[in-house]
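None of the values given here were measured: they were computed from a predicted structure.
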Amino acid sequence: MIAPVVPIFFIFFIGFLVQRKCSWDITPFSRLALTVFLPFLVFRSFYTYGLPLSSFYYAIYLIGVIGACLLLVVFVSWLQRLSKEQTCGMMLSSAFSNNGNYGIPLVLFAFGGEAEVVAVLLMVMQQVLMHTVGFYIAAVGGQASKQINGWHLLKMPILHGALAGLVLHWFTIKIPQPIEQAIQSLADAAVPLMMMILGMQLGSMIMRKLEWPRLGLTVTIKLVIAPLVATFLVYWMPVTLLEKQVMIILAATPAAANTTLYALQYHTDPGHVSAATFFSTLLSLFTIPLVLSILL
């Protein structure tokens, strides 16, 4: 079941080579994706399908998987007497999945357009958790002096896209065809752009001296423990088989690339977090096909 992974890694590799050759500033590309293209992708999904009743179970799934990974890191850190910075670095890189610029295209290629809708909703919900819990972990690990509050959630463009799509869906407001075609074009461009950006992010990472045992443990939690926890959780949920498959495969995706930005911003073990993102993405070339072969 390596076929769905091949086009993803091919685009990753192009972005990786571009960044290695050109050393561009990735910030404008990332900002463009997060503020324009991705919100339109989210808007299209919510406008077309609304908010399914199973969203409650999606929230339980996300909180369960992320919470289990965080608790496991705390336990391991206590056994190994790790510092606060090391503990928070492991938390960032093991609890949050790259279900945006990796997970959405993976689900689209593996399961089709109907599954993409589930992936988009899960991505939005995890973004909310990352912008609250993730920021808090990064700030604590870096001993940031300024307090973290929830006001920045109101500035999330993908949240604006989701709310706008839901309002138009609930009130059955028809979008004029020329505008709808423009939205379709912007939404379609989001997936390849996000994959390119991840490849560029990987290409810009600098590997310093690494703690290989701790790195191996972090990657194992992300690529092995997280999907196992997800499998246990979704087994009991009254959702469709497709929804269960999407939730399990998203839990098996590598560490979220945004956690590297948080780690750099707050100086929370950025070397470990970036290395975990890089190696978990690389190893997922082997682990994701294995998970897909079990699911399909």
Open item on the list: Could you check whether Ser45 and Glu116, counting side-chain N and O atoms only, form a donor-acceptor pair closer than 3.5 Å?
Closed with: no
Task: Atom pair CD1/CZ of Ile66 and Phe96 - distance to nearest 0.5 Å - done: 5.0 Å
TODO: Tell me yes or no: between the side chains of Tyr58 and Glu243, is some donor less than 3.5 Å from an acceptor?
DONE: yes
Open item on the list: Please report the interatomic distance CG(Leu250) to CG(Leu122), rounded to the nearest 0.5 Å.
Closed with: 6.0 Å
TODO: Determine, using ring centers only, whether Phe46 and Trp170 are less than 6.0 Å apart.
DONE: no
- [ ] Calculate, to the nearest 0.5 Å, the distance between atoms CG and CD1 belonging to Leu41 and Ile104 respectively.
- [x] 5.5 Å
Task: Non-neighbouring partners of Leu82 that pass side chain to side chain contact (heavy atoms under 4.5 Å, CB included), sequence neighbours left out - done: Ser77, Gln80, Gln86, Thr87, Met90, Arg214
Task: Nearest heavy-atom neighbours spanning Ile175 and Tyr47 - done: N-OH, 3.3 Å
Task: Residue among Ser97, Ser280, Ser94 satisfying side chain to side chain donor-acceptor pair (under 3.5 Å) with Lys222 - done: Ser97
Task: Centroid separation Phe12 to Phe9 less than 6.0 Å - done: yes
Task: Ala255 versus Ser93, closest heavy-atom pair with distance - done: CB-O, 3.2 Å
Task: Gln201 side, atom CD; Phe278 side, atom CZ - distance, nearest 0.5 Å - done: 13.0 Å
Open item on the list: Minimum heavy-atom separation for Pro28 and Asp25, please, with both atom names.
Closed with: CD-O, 3.2 Å
TODO: Can you sort out the partners of Trp78 under ring-ring contact (aromatic ring centres under 6.0 Å, His included), two or more places apart, ordered by chain and number?
DONE: none
Task: Criterion side-chain contact (heavy atoms from CB on, under 4.5 Å) against Leu92, the qualifying member of Leu70, Thr218, Ile137, Val73 - done: Ile137
Open item on the list: With side-chain contact (heavy atoms from CB on, under 4.5 Å) as the criterion, how do Val118 and Leu242 come out once you've worked through the C-alpha distance, each side chain's angles and the decisive distance to 0.1 Å?
Closed with: CA-CA 9 Å; Val118 180; Leu242 179 62; 5.6 Å; no
- [ ] Taking all non-hydrogen atoms of both residues into account, name the closest pair between Met125 and Leu62 and its distance.
- [x] CB-CD1, 3.5 Å
Open item on the list: Restricting to non-hydrogen atoms, name the atom on Lys244 and the atom on Val234 that form the minimum distance, rounded to 0.1 Å.
Closed with: CE-O, 3.1 Å
Task: Whether Phe40 and Phe43 hold their rings parallel, tilted or perpendicular, with breakpoints at 30° and 60° - done: perpendicular
Open item on the list: For Tyr102 and Ser284, which I'm curious about, is there any donor-acceptor pair between the side chains at under 3.5 Å?
Closed with: yes
Task: Nearest atoms (heavy-atom pairs only) where Pro254 meets Leu223 - done: CA-CD2, 4.0 Å
Task: Rounded distance (nearest 0.5 Å) linking atom CG of Asp188 with atom CG of Leu193 - done: 12.5 Å
TODO: Could you tell me the separation between the CG atom of Leu106 and the CD1 atom of Ile8, rounded to the nearest 0.5 Å?
DONE: 4.5 Å
